[in-house]
Asker: 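Once you've had a glance at the structure underneath, I'll fire off some questions.
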Amino acid sequence: MKEKERFVVDEYSFGTKAEWEEAKREEESIQYIRAKTNLSDPQTVYKVYCGLVEKKTFTTPVGTAFLLELRAGLLRAGKEAGEIPGIPVTLPRRKKKSAEDFSRELEDKSRLLLEQCQVKLRNMRIVTFFLGFVIVVMFLIAVFGPNSPLEDAEVKAQNKYAAWEQELKEREDAVKEKERELGITR
């Protein structure tokens, strides 16, 4: 009981701290208006009332009670009911969902999210496999293709060794020719 009694403002009991704080704020505003405004002057009361209603300043029962008090004062002062704007009312929110409904809704959302993730995962696997396959094919083409760097290196090495062999043969022939001229025999 003490927990509920904490959230009381101007004889109204509020269910949550947020509602209680809003009512307390409105109570402070009402006290400020009472202190700073001449509430015995109907013209001033009408201006204040219209301003509060237009801006929807008060939403809790504490503020609504104050607006009713101002309205009653204006009616007593001779204002017509049609001249005075109505008090805006905020209806209470619906009760929260039961735990069972909340659980079911959460399960449905989880199942839907899981299905979406599974589809995305499957698609990512397909794309990954395809890209991997393309990379392997490109590598094989690069290595074993007609213009591969390995074949180029092999051809260059063969050409280099062939050139060396040709140069050696020419030198050997030149040496043999020189030996014949000089009459050197082995």
Side-chain angles (χ1 to χ4, degrees), residues 1-139 142:
M1 187 72 177
K2 287 187 177 188
E3 184 69 26
K4 289 287 184 185
E5 289 177 7
R6 273 192 333 174
F7 300 128
V8 174
V9 175
D10 198 24
E11 298 179 20
Y12 292 102
S13 178
F14 296 93
T16 66
K17 186 175 181 179
E19 292 171 346
W20 173 75
E21 287 174 345
E22 179 67 21
K24 233 172 128 52
R25 186 193 58 78
E26 287 185 11
E27 178 64 28
E28 290 169 0
S29 297
I30 292 168
Q31 289 173 1
Y32 179 82
I33 290 170
R34 287 184 193 278
K36 300 290 181 179
T37 308
N38 179 10
L39 296 179
S40 60
D41 178 25
Q43 296 240 350
T44 304
V45 172
Y46 182 73
K47 286 180 185 177
V48 168
Y49 174 84
C50 289
L52 294 172
V53 167
E54 184 179 313
K55 293 178 185 175
K56 297 181 181 177
T57 306
F58 296 134
T59 57
T60 68
V62 174
T64 305
F66 178 67
L67 290 174
L68 282 170
E69 180 183 321
L70 293 179
R71 184 178 176 87
L74 289 170
L75 291 172
R76 277 193 305 273
K79 282 275 188 193
E80 297 276 332
E83 295 177 49
I84 305 170
I87 299 171
V89 177
T90 304
L91 297 175
R93 295 187 178 128
R94 292 182 181 176
K95 288 186 176 182
K96 294 180 181 176
K97 296 178 185 176
S98 70
E100 193 175 278
D101 291 341
F102 181 74
S103 176
R104 244 184 271 122
E105 187 177 309
L106 189 60
E107 258 181 51
D108 292 342
K109 285 181 181 179
S110 297
R111 190 175 306 114
L112 181 63
L113 184 62
L114 179 65
E115 289 172 1
Q116 289 173 346
C117 287
Q118 286 175 338
V119 168
K120 286 182 181 180
L121 181 63
R122 185 199 69 212
N123 292 343
M124 282 179 40
R125 285 181 179 160
I126 291 170
V127 168
T128 303
F129 175 77
F130 177 73
L131 291 175
F133 179 74
V134 168
I135 289 171
V136 168
V137 168
M138 288 173 61
F139 179 74

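The shown structure was predicted, so the numbers you read here are calculated from the model rather than taken from an experiment.
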Asker: What are the two closest heavy atoms between P88 and V53, and how far apart are they?
Answerer: CD-CG1, 3.8 Å
Asker: Which donor-acceptor pairs under 3.5 Å do the side chains of residues 114-135 make with protein atoms, sequence neighbours left out?
Answerer:
{"residue": "N123", "atom": "ND2", "partner": "V119", "partner atom": "O", "Å": "3.4"}
{"residue": "T128", "atom": "OG1", "partner": "M124", "partner atom": "O", "Å": "2.6"}

Asker: Can you name the residues that form a side-chain hydrogen bond (donor to acceptor under 3.5 Å, both in side chains) with T44, not counting sequence neighbours?
Answerer: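 Partners of T44 under the side-chain hydrogen bond (donor to acceptor under 3.5 Å, both in side chains) test: D41.
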Asker: So, using salt bridge (Lys or Arg N to Asp or Glu O under 4.0 Å) as the criterion, who are the partners of E107 when residues are at least two apart?
Answerer: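 Residues passing salt bridge (Lys or Arg N to Asp or Glu O under 4.0 Å) with E107: R111.
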Asker: Ignoring hydrogens and angles, write down the donor-acceptor pairs under 3.5 Å from the side chains of residues 64-71, residues two or more places apart or on other chains.
Answerer:
{"residue": "T64", "atom": "OG1", "partner": "T60", "partner atom": "O", "Å": "3.0"}
{"residue": "E69", "atom": "OE1", "partner": "R34", "partner atom": "NH2", "Å": "3.0"}
{"residue": "E69", "atom": "OE2", "partner": "R34", "partner atom": "NH1", "Å": "3.0"}
{"residue": "E69", "atom": "OE2", "partner": "R34", "partner atom": "NH2", "Å": "3.2"}
{"residue": "R71", "atom": "NH1", "partner": "Y49", "partner atom": "OH", "Å": "3.4"}
{"residue": "R71", "atom": "NH1", "partner": "I84", "partner atom": "O", "Å": "3.4"}
{"residue": "R71", "atom": "NH1", "partner": "P85", "partner atom": "O", "Å": "3.1"}

Asker: Could you measure the distance from the SG atom of C50 to the CG atom of L74? Nearest 0.5 Å is fine.
Answerer: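 So the SG of C50 and the CG of L74 are separated by 8.0 Å.
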Asker: Minimum heavy-atom separation for L39 and V45, please, with both atom names.
Answerer: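 Result for this residue pair: O-CG2, 3.2 Å.
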Asker: To the nearest 0.5 Å, what is the distance between CD on E105 and OG on S110?
Answerer: 10.5 Å
Asker: Under the rule for side chain to side chain contact (heavy atoms under 4.5 Å, CB included), what residues qualify as partners of T57, not counting sequence neighbours?
Answerer: L52, K55
Asker: Identify, with sequence neighbours excluded, every residue that meets side chain to side chain contact (heavy atoms under 4.5 Å, CB included) alongside P42.
Answerer: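 Result, side chain to side chain contact (heavy atoms under 4.5 Å, CB included) vs P42: A77.
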Asker: Search all heavy atoms of A23 against all heavy atoms of V9 and return the closest pair with its distance.
Answerer: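 Heavy-atom minimum between the residues: O-CG1, 4.0 Å.
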Asker: Keeping to residues at least two apart or across chains, list the salt bridge (Lys or Arg N to Asp or Glu O under 4.0 Å) pairs with something in residues 80-89.
Answerer: K79-E83
Asker: Between E26 (side chain) and G63 (backbone), is there a donor-acceptor pair under 3.5 Å?
Answerer: yes
Asker: In chain order, what residues pass the side-chain hydrogen bond (donor to acceptor under 3.5 Å, both in side chains) check against R25, with sequence neighbours excluded?
Answerer: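 Listed in chain order: E22.
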Asker: Tell me the ring pair (Phe, Tyr, Trp, His ring centres under 6.0 Å) pairs involving residues 15-45, sequence neighbours left out?
Answerer: F7-W20
Asker: State which residues pass side chain to side chain contact (heavy atoms under 4.5 Å, CB included) with E11; sequence neighbours excluded, sorted by chain then number.
Answerer: none
Asker: Using side-chain hydrogen bond (donor to acceptor under 3.5 Å, both in side chains) as the criterion, list what pairs up with Q31, not counting sequence neighbours.
Answerer: E27
Asker: Is F58 close to I30 at the side-chain level, that is, under 4.5 Å between some pair of heavy atoms?
Answerer: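 Of all side-chain heavy-atom pairs linking F58 with I30, at least one is under 4.5 Å.
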